[in-house]
Number of protein chains: 4
Amino acid sequence: MYSRYAVRVHLTLDLDSEVPIYLQLRDQVVEAIADGGLAEGSPLPSTRQLAADLGINFHTVNKAYDLLRQQSVIRINRKSGAVVRRDAGSGPPEPGFVEDWEQRLRTLLAEAVVHGVAPAGVRERCDGVLASFRAGDRV
Amino acid sequence: MYSRYAVRVHLTLDLDSEVPIYLQLRDQVVEAIADGGLAEGSPLPSTRQLAADLGINFHTVNKAYDLLRQQSVIRINRKSGAVVRRDAGSGPPEPGFVEDWEQRLRTLLAEAVVHGVAPAGVRERCDGVLASFRAGDRV
Amino acid sequence: MYSRYAVRVHLTLDLDSEVPIYLQLRDQVVEAIADGGLAEGSPLPSTRQLAADLGINFHTVNKAYDLLRQQSVIRINRKSGAVVRRDAGSGPPEPGFVEDWEQRLRTLLAEAVVHGVAPAGVRERCDGVLASFRAGDRV
Amino acid sequence: MYSRYAVRVHLTLDLDSEVPIYLQLRDQVVEAIADGGLAEGSPLPSTRQLAADLGINFHTVNKAYDLLRQQSVIRINRKSGAVVRRDAGSGPPEPGFVEDWEQRLRTLLAEAVVHGVAPAGVRERCDGVLASFRAGDRV
DNA sequence: GTGGTCTAGACCACA
DNA sequence: GTGGTCTAGACCACC
């Protein structure tokens, strides 16, 4: 018999990172959804369960889930816990999202260019990442 | 006669952003270099000068410059001040940079995909940003 | 022949809402009465029946009915089940109700004003809601 | 010499209320802004200061401020703390706000009508509340 | 069982 | 000085 939350997602945290744990959690859930490992409707572990598995405090998981909820990525139900609400096929982005996102993209791409990655190389790596997402989607 | 630091770079800070000021400064310098507005060898304003211009604490500017120095983007001489050390034509990236950067790219692209931006749209925007850099380069 | 509880009331629950289910139930019954869809003396479905129809736990329905009873909106007989006890024509409010209610109104209107809804717009929407109640009353 | 945060706002909490403290705090700040007691640009006490004044934990104040920030009511600055960002004159509401708000209005007005407040009385009290806001605005 | 709230105290990052 | 993060443990509401 399967556990209710088939863990096809490997969450790896770096407790010494300068990136807060709850943001690492948020990012990994988002990547898992983009990968196709988590589809719309997939349940996530309960906050306390996941906290125990990861060896962190449940408040930290709570904060990550709350952030994902605010960003419409998951919904949280009193009885059945957190469930994925958005994936690549869930409709167009909310107004204002793209502008904000593109600014962050600009910053990130500028960093690569300045450090000597050729524009062709940047583009190639973007394509590679996108391809990996679509590959995951088919699984 | 021009000031020694020809300000063809418009630094705009949002003091209320969740992004720390010293990081906003770092990002804007990097974007200015990618844009072509600052080339290898270009001098940057002194920390005190820039702090005064922006109305912020000079320690904050110091922190941004120090970060840029650690990332090999600028060189700091006691005598000639801060000077751009790297631009798009300064050679290949340092070992390890690309791996780290690609992970951040993956996180950022995943966010867009999950929020409903089509892969084609993501690629299009990447191209747009890269084109804006090359256009700036010619100026 | 009609069922004893002619369902002229469409109860729609959002199981993922942050508003507890029993409160959503309470609110919808109250709105149905204000609408005129349920008049004084109208019977409500039994708790078990309604729970089955809505696919929720019957304790939840029980809690909603109990709250409505405490607020004098319905009457519960072991024999005849739950019956609407109050509607718009059932007499003046109980002492203390208006003061408590007006405080909540103040909070709600303040929220609209602060978010940029003009006072005229607020009043207009209040009128619209009241008109919808009176229209339903005639049905 | 004045304190930096002229306390023209009296915050009164009911620690035994079923309404969470952080929501009471949020509501009172919003009402104070609607009242005109807090205008755009007014500073709020620091989280720890306010917590000490109210005899509650600073995390609770933190949560209230964070909620106000998410709703664009205040902005939070690393150095100068929380500042009012929105008041009645700060522009039109964000898209989607009015629909959500009107649903809550409908629920609230239905409650009054069912408890025997005449529609004219409801309207009168709405006007009264709005008038009190405008009166505060002139101060 | 689930999530949500509040308290308490520690430590760090930012300016 | 400010806010932000993480931990820990308690209690409650909902289902």
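This one's a predicted model, so the numbers in the text were calculated from it and none came from an experiment. Order of the sequence lines fixes the chain letters, A, B, ..., with proteins taken first and strands second; residue numbering starts at 1 for each chain.
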- Task: To the nearest Å, give me how far apart CG (L50(D)) and P (dT7(E)) are.
- Result: 12 Å
- Find which nucleotide of DNA chain F each of R69(D) and F58(A) is nearest to by heavy atoms, and output the residue with the more 5' nucleotide. R69(D)
- Result for side-chain hydrogen bond (donor to acceptor under 3.5 Å, both in side chains) between D16(B) and one of R75(D), R69(D), R85(D) points to R75(D)
- Task: Check the distance between dT5(F)'s C1' and D66(D)'s CG and give it to me in whole angstrom.
- Result: 12 Å
- May I ask you to decide if H59(A)'s main-chain N or O and N57(A)'s side chain share a donor-acceptor pair within less than 3.5 Å? yes
- In residues 16-25 of chain B, which ones come under 4.0 Å of DNA chain E, going by heavy atoms? P20(B), I21(B), Y22(B)
- Message: I'd like to know if H59(A) reaches the base of dG9(F) with its side chain such that a donor and an acceptor end up less than 3.5 angstrom apart.
- Response: yes
- Task: Tell whether R48(D) reaches the base of dG4(F) with its side chain through a donor-acceptor pair below 3.5 angstrom.
- Result: yes
- Look at all strands and tell whether N57(C) reaches a base, only sugar-phosphate, or nothing, counting heavy atoms closer than 4.0 Å. nothing
- Query: So, is N62(D) close to the dG4(F) phosphate, meaning a side-chain N or O under 4.0 Å from OP1 or OP2?
  - Reply: yes
- Message: So, OP1 or OP2 of dC14(F): does either fall under 4.0 Å of a side-chain N or O from K63(C)?
- Response: yes
- Message: Between P on dT5(E) and CD1 on I76(A), what's the gap in Å once rounded to a whole number?
- Response: 11 Å
- Please tell me which of L15(A) and T60(C) maps to the more 5' nucleotide of DNA chain F, matching each residue to the nucleotide holding its nearest heavy atom. L15(A)
- Watson-Crick/G-U partner (both atom distances under 3.5 Å) of dC11(E): dG4(F)
- Test log, rule side chain to side chain donor-acceptor pair (under 3.5 Å), inputs Q71(A) and R26(A): CA-CA 10 Å; Q71(A) 298 176 338; R26(A) 194 265 315 248; 3.3 Å; yes
